[in-house]
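All values below were derived from every heavy atom in this structure, side-chain atoms included, with hydrogens, water molecules and symmetry-related copies excluded. Counting starts at 1 for both ligands and their atoms, in listed order. The first residue in the sequence is number 1, and the count goes up from there.
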Amino acid sequence: MEEARRIQALPPYLFARIDEKIAEAKAKGVDVISLGIGDPDLPTPEHIIDKLVKAARNPVNHRYPSYVGMLEFRQAVAEWYKRRSNIMLDPKKEVVSLIGSKEGIAHIAFCYLNPGDIALIPDPGYPVYGVGISLAGGVPYAMPLKEENGFLPELDRIPEEIAHKAKLMFLNYPNNPTGAIADESFYSKVVAFAKKYDIIVCHDGPYSEIAFKGYKPLSFLEVPGAKDVGIEFHSMSKTYNMTGWRIGWAAGNARVIEALGRIKSNIDTGIFQAIQEAAIEGLLGNQDIIGENRKIYLERQDIVIEGLTELGWTVERPKATIYVWPKVPKGFTSASFCELVLDKTGVVLTPGNSYGESGEGYFRISLTTNTERLREALQRLQDNFGKFEF
Ligand code: MLT
């Protein structure tokens, strides 16, 4: 049963590996506190669940769904963008449903990369960008995100021959894992770069609604010319606490959306319609959840930043996302620090290097754990290590 070369070097997904470590620790009786995966612990709003229950009872929804998503779902996505950012989208041509944005992020590479083609990815970055590219036979080219540049890639440092060969560029702001944000002047440079080198921009924006203190992240699609060069991936997961429901979308350039829909219609058969109906309710119904989530995550961010500061850290306070991205203390690598913390305290952190080489020297804390457990995690660090040196 020899595996194909394309998966021989493919490890299980990052968080599948972390789940294994958590299971091992739990089996030894450790009271694990996971600050690992960014998986909201808060429930999906009741009105969305009620809609699912009702829609699940309708036999019309028990048959094959539409491949590219119900028109009503795509209309709701278009309406959501119009309401949020005054972005106009044609729901028939410029929106496609996804079984969670992860699926679309992996499949887009299959639409545009021939073996050996280059695709630009942020480093550190969501692991699926690089994995999708490699599975499609492409070659990921890392754009380092450095703290001194606000964790934005330096487009003018991408070698000319690489830019000419690149077919895709992945970007993600508000950023996972760094919590960084991007402004219009950055995105305008991206659009100009993409036009110059004929590159399709794939902007991944799942954290756009989790922003603090009045900050409103831009959608890539708001930027003049964005729709000429790319698409935005988005999802119900983080905004509406629906990671388990697996529903997202891509929106933007009609040719790219059509290509993604075409590959998907040959591989999957769409999303259970009752889930699409519930998502429509989420997108168009009561939006209180957005403000509630922001308040909860901000309180958690305060606890983490204050706790880390007491332990000796100087940490940047992200304006958005559910993450904090501190440096590892002196004498550690990302992996050695996270391993030691897990062994000594039962607290799970994500090592920065698992998001790419440039993530080395950092670790990520996810704010998807309640305040009591977050305080407990920080207390365990304090009890076991006291102050850290940097
Ligand atoms: C993360 O924690 O980086 C993401 O939530 C993981 C994922 O979406 O698979």
Side-chain angles (χ1 to χ4, degrees), residues 10-22 32-44 98-109 121-135 145 151 170-181 202-211 217 232-250 271 293 296-297 300-301 304 318 320-326 334-335 338 342 347-356 358-360 362-369 373-374 377:
L10 182 70
Y13 187 53
L14 168 63
F15 289 103
R17 282 176 279 151
I18 292 182
D19 278 354
E20 269 176 33
K21 287 196 179 164
I22 294 176
V32 173
I33 302 179
S34 177
L35 311 181
I37 193 164
D39 183 4
D41 55 314
L42 305 160
T44 305
L98 298 172
I99 308 175
S101 55
K102 183 178 184 182
E103 170 264 295
I105 287 168
H107 279 140
I108 191 75
I121 57 166
D123 171 14
Y126 185 46
V128 186
Y129 308 140
V131 166
I133 294 162
S134 302
L135 287 178
L145 308 186
F151 295 112
F170 284 94
L171 289 171
N172 154 233
Y173 294 96
N175 184 257
N176 174 19
T178 66
I181 54 167
C202 301
H203 183 255
D204 182 19
Y207 303 98
S208 72
E209 305 316 294
I210 302 166
E232 181 159 88
F233 290 100
H234 216 302
S235 124
M236 302 296 293
S237 288
K238 319 281 166 158
T239 308
Y240 299 99
N241 305 334
M242 291 173 70
T243 48
W245 298 55
R246 308 316 302 143
I247 177 159
W249 66 84
I271 306 157
N293 278 351
I296 291 169
Y297 289 127
R300 294 176 180 183
Q301 195 194 61
V304 168
T321 77
I322 49 178
Y323 305 118
V324 179
W325 181 244
S334 296
C338 296
L342 178 59
V347 174
V348 177
L349 305 168
T350 309
N353 64 321
S354 41
Y355 290 87
S358 301
E360 179 53 54
Y362 294 86
F363 65 97
R364 195 191 74 175
I365 290 180
S366 169
L367 302 173
T368 49
T369 298
R373 295 290 275 172
L374 277 177

Please give me the minimum heavy-atom distance between W325 and G359, naming the atom from each residue.
CZ2-CA, 3.9 Å

Over 60° means perpendicular and under 30° means parallel, so classify the ring planes of F233 and F170, tilted if in between.
parallel

Should the pair K102 and Y13 be classed as cation-pi, given the thresholds of under 6.0 Å to the six-membered ring centre and 45° from the axis?
yes

Amino acids contacting ligand 1, non-hydrogen cut-off under 4.0 Å:
Y13, F15, I37, G38, Y126, N176, K238, Y323, Y355, R364

Can you sort out the partners of Y126 under ring pair (Phe, Tyr, Trp, His ring centres under 6.0 Å), two or more places apart, ordered by chain and number?
Y129

Can you list everything that forms a side-chain hydrogen bond (donor to acceptor under 3.5 Å, both in side chains) with S34? Sequence neighbours excluded, please.
none

Pairing residues for T178 by the side-chain hydrogen bond (donor to acceptor under 3.5 Å, both in side chains) criterion, not counting sequence neighbours:
N175

